[in-house]
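Counting starts at 1 for both ligands and their atoms, in listed order. Values below: all heavy atoms of this structure, side chains included; hydrogens, waters and symmetry mates excluded. All values reported here derive from a predicted model rather than from experimental measurement.
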Amino acid sequence: SFCIFADELCASIVHCHRETSQYRAEELQALKLKLFSREEIQAYQSKSVDEMWQHCAVRLTDAVQYVVEFAKRIPGFRMLNQNDQIALLKTGSMEVVLLRMSRSFNTENSTVFFDGKFAGVEIFKSLACGDLIMAVFDFAHDMCALKLSEQQIALFSALVLINADRPCLEERGKVQRVQRSVELGLTHILHRDHQENLMPKLYQRMAVLRSLCRLHLEKLGWFSQRYPLTAHSLFPPLYKELFA
Ligand SMILES: CCS(=O)(=O)c1ccc(CC(=O)Nc2nc(-c3ccccc3)c(C(=O)c3ccccc3CC(C)C)s2)cc1
């Protein structure tokens with residue numbers, strides 16, 4: 001009966017992931033050979049720092065919105081209290097975006113899906129945060145090496161989000177129970193896929209995700225100081241609410 005519970009839980013989380021994935025893995029695969037021309041790359045590189053930051057913040061916020069939708073459809077997540085749902089999204093949504101984004105990464109030519117085509121690091125030059133961009137690309141490379149299936153990414157995303165160790169949770173015990181059921185769901189499908197050895201690697205990747213998000217917040221802090229007007233009045237409200 002336990003296996004039936006785990007199967008049900010996995011199936012529902014995979015379903016939520018598919019419905020809210022923004023781009024399907026097969027769609028991204030089909031777009032992989034659409035690269036930006038030299039002129040297009042130059043156009044991005046000649047954008048000012050605040051223009052490029054604003055451009056990216058809008059796209060990133062789109063991706064975050066789909067993660068919020070994913071979370072809201074996860075059975076265990078919905079039954080948590082409102083403030084805890086917001087606290088988990090505040091600290092976890094960027095991590096899930098980065099995890100999902102690694103599906104849109106082409107390891108052959110180190111490009112990532114951006115603005116309808118695949119872009120190398122050079123396109124992001126005018127963001128003036130090369131270390132963050134390199135770290136995002138390295139992480140995506142690392143994740144691709146694990147060759148996770150969509151089902152494994154779905155369960156891993158839910159586990160990244162529903163984390164009882166996050167700060168300022170009011171009903172930590174409840175979050176712990178949901179986290180434990182998702183953990184069991186993930187171990188259940190890794191066992192089914194004969195890939196239990198992935199579990200410790202996934203926990204390592206969670207630590208890398210946390211450091212990536214700290215770096216993103218650090219850079220956003222630097223940017224907001226240099227361009228307060230853009231950060232306060234031109235960034236999407238959800239981006240400011242979650243990250244500022
Ligand atoms: C995520 C769901 S999906 O269906 O796979 C999908 C859906 C849609 C897309 C298209 C897309 O929005 N791509 C973006 N790429 C990057 C990016 C940028 C630098 C390096 C690597 C990727 C974006 C960012 O804004 C970003 C992302 C991570 C950290 C930092 C930043 C920039 C800072 C200034 C906020 S948005 C891609 C993938």
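Annotation: ligand 1 has protein neighbours S21, Q22, Y23, L28, W53, C56, R59, L60, M94, L98, R100, M101, R103, S104, V112, F113, F114, F124, L127, I133, V136, F137, H216, Y239, each with a heavy atom less than 4.0 angstrom from the ligand.
Aromatic ring pairs are classed by plane angle as parallel below 30°, tilted from 30° to 60° and perpendicular above 60°; the pair W222 and Y227 is perpendicular.
Chaining together hydrophobic side chains whose heavy atoms lie under 4.5 Å apart places L31 alongside Y23, L28, L35, F113, F118.
Residues H17 and Y66 place their aromatic rings such that the two centres sit no closer than 6.0 Å.
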Cut-off 3.5 Å, no hydrogens considered: what does the side-chain donor-acceptor table look like for residues 234-244, sequence neighbours left out?
residue : atom : partner : partner atom : Å
Y239    : OH   : H216    : NE2          : 2.9
K240    : NZ   : H232    : O            : 2.6

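To the nearest 0.5 Å, atom CD1 of residue I74 and atom CD of residue Q85 are 10.5 Å apart.
Evaluation of the side chain to side chain donor-acceptor pair (under 3.5 Å) rule for E51 yields S48 as partners, not counting sequence neighbours.
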